[in-house]
Amino acid sequence: LHLARRHPLPSGSSCSSGQQQQHIFAMLRKNGRISVKGRSSVERHEEAAMVAGPRFWPEIFSAVTMVLPSIYAAVASPGFAATSTSPTPIWALVYVTFIHCLASVSYHLQCAFHAGTTWNRLESGFRVADMVLIHASCCTYGWAVARGQAAGFAPASLLANLMGAGILLWRRALGLPGRDADSYMVIACIFLYTLGMARRGDWANYLGTMLGYGVGGAFWAANRRLGGWGHGLFHAA
């Protein structure tokens, strides 16, 4: 922000928030405050967006909406488990949802704390924990829904999620920041674990789940255009 005041946009110019972000990022890069080596265009834009304007309340919103799945699980799971012939998978997915919630809420609160600074969220340890536990959730969900003819999907889901989590932890150990590919790996694992429902002909739940992910994914993809509020809406969807 100090650099932005020292190097303002030309007076009288009318610029969009995206142009302002690019201008601030250029000043930071010029002064050596942000390294661009090894960064994708999306990662560089995220860094500029963090400097261009505070995202405090959107991140608080993301933290709050992340609690919603856990609340639903706590309320609905006893009834589901009581009427199920195999309650163990139900409780397993409930517990992994609770644990992931703690990591995700911590990450978004950390983002809120650093809103409007040059702090790089892609280097956050809480982000790594969040992503690793998403893989743990996908693996557990895949095991829970892969019954009967779909049982073969559970080992495939386990292998894919172990690979995704392993890459995250390995890069963290090497001191490397997060990447776009982290999210793409999660998306692939979501598609993989949900195939168990389709394989055993549970089309109502499969299509309903994919519709929810589709709506949420649209909000996630539009997060920047929505001023940071899209991520919280993704959680709610």
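Between W143 and P155, every side-chain heavy-atom pair lies at or beyond the 4.5 Å cut-off. Two residues are said to be in side-chain contact when any heavy atoms from C-beta on lie closer than 4.5 Å; V94 and F98 meet this criterion. Annotation: side chain of V105 is in contact with side chain of V67 (closest heavy-atom distance under 4.5 Å). In this structure the side chain of V145 reaches within 4.5 angstrom of the side chain of R200, judged on heavy atoms. A heavy-atom distance below 4.5 Å is found between the side chains of W220 and H231. Considering only heavy atoms from C-beta on, E59 stays 4.5 Å or farther from L109 through its side chain. You'll find the side chain of T194 reaches within 4.5 Å of the side chain of Y213, heavy atoms only.
Nearest heavy atom pair, residue A73 against residue P78, reads O-CD, 4.3 Å. Of all non-hydrogen atoms in S84 and I90, the two that sit nearest each other are CB-CD1, 3.7 Å. When every heavy atom of L93 is checked against every heavy atom of A144, the shortest pair comes out as CD2-CB, 3.8 Å. Listed here is the closest heavy atom pair of D202 and N205: OD2-ND2, 2.9 Å. Of all heavy-atom pairs spanning A237 and V215, the tightest one is CB-CG1, 4.1 Å. Of all heavy-atom pairs spanning A112 and F56, the tightest one is O-CD1, 3.3 Å.
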**Request:** Check the pair F126 / D130 against side-chain contact (heavy atoms from CB on, under 4.5 Å), numbers first and verdict last.
**Result:** CA-CA 6 Å; F126 281 123; D130 182 17; over 6 Å; no
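No donor-acceptor pair closer than 3.5 Å links the side chain of S157 to the backbone N or O of F153. Panel note: side chain R171, backbone R179; no donor-acceptor pair is recorded below 3.5 Å. In this structure, the side chain of S124 does not engage the main chain of N120 through any donor-acceptor pair within 3.5 Å. Between the side chain of S104 and the backbone N or O of H100 there is no donor-acceptor pair closer than 3.5 Å. N223 places a side-chain N or O within 3.5 Å of a backbone atom of G230 that can act as its donor or acceptor partner. Under a 3.5 Å cut-off, the side chain of R172 and the backbone N or O of P177 do not form any donor-acceptor pair.
For H235 and H108, the distance between ring centers is under 6.0 angstrom.
Placement of I71 and M66 within a single hydrophobic cluster is found when ILVMFWY residues are connected by side-chain heavy-atom separations under 4.5 Å, directly or transitively. Put simply, L133 and W91 are part of two different groups of oily side chains (I, L, V, M, F, W, Y) that touch within less than 4.5 Å, one to the next. Linking ILVMFWY side-chain heavy atoms closer than 4.5 Å, directly or via other members, places I187 and L158 in two distinct hydrophobic clusters. The same ILVMFWY cluster, assembled from side-chain heavy atoms under 4.5 Å apart, contains both V186 and L168. Tracing side-chain contacts under 4.5 Å through hydrophobic residues (I, L, V, M, F, W, Y), one never reaches L159 starting from M163; they form parts of separate clusters.
Listed by chain and residue number, nothing satisfies the ring-ring contact (aromatic ring centres under 6.0 Å, His included) test with Y107 (two or more places apart in sequence, or in another chain). Every residue meeting the side chain to side chain contact (heavy atoms under 4.5 Å, CB included) condition with C138, not counting sequence neighbours, appears here in chain and number order: I134, N161, C189, I190, Y193.
With values rounded to the nearest 0.5 angstrom, L226 atom CG is found 13.5 Å from F234 atom CZ. Taken to the nearest 0.5 Å, the CZ atom of R121 stands 4.0 Å off from the SG atom of C111. L192 CG to Y141 OH: the interatomic distance, rounded to the nearest 0.5 Å, is 15.5 Å. How far CG of L162 is from CG of L169: 10.5 Å, rounded to the nearest 0.5 Å. Taken from CG in L207 to CG in L211, the straight-line distance is 8.5 Å, to the nearest 0.5 Å. Put simply, CH2 on W203 and CE on M210 are 11.0 Å apart, with the number rounded to the nearest 0.5 Å.
Counting non-hydrogen atoms of other residues, nucleotides and ligands closer than 6.0 Å to CZ of F113 gives a total of 12 or fewer.
We find that R127 and D182 are joined by a salt bridge, their nearest charged nitrogen and carboxylate oxygen being less than 4.0 Å apart.
In this model, no donor atom of one side chain and acceptor atom of the other lie less than 3.5 Å apart for T140 and Y95.
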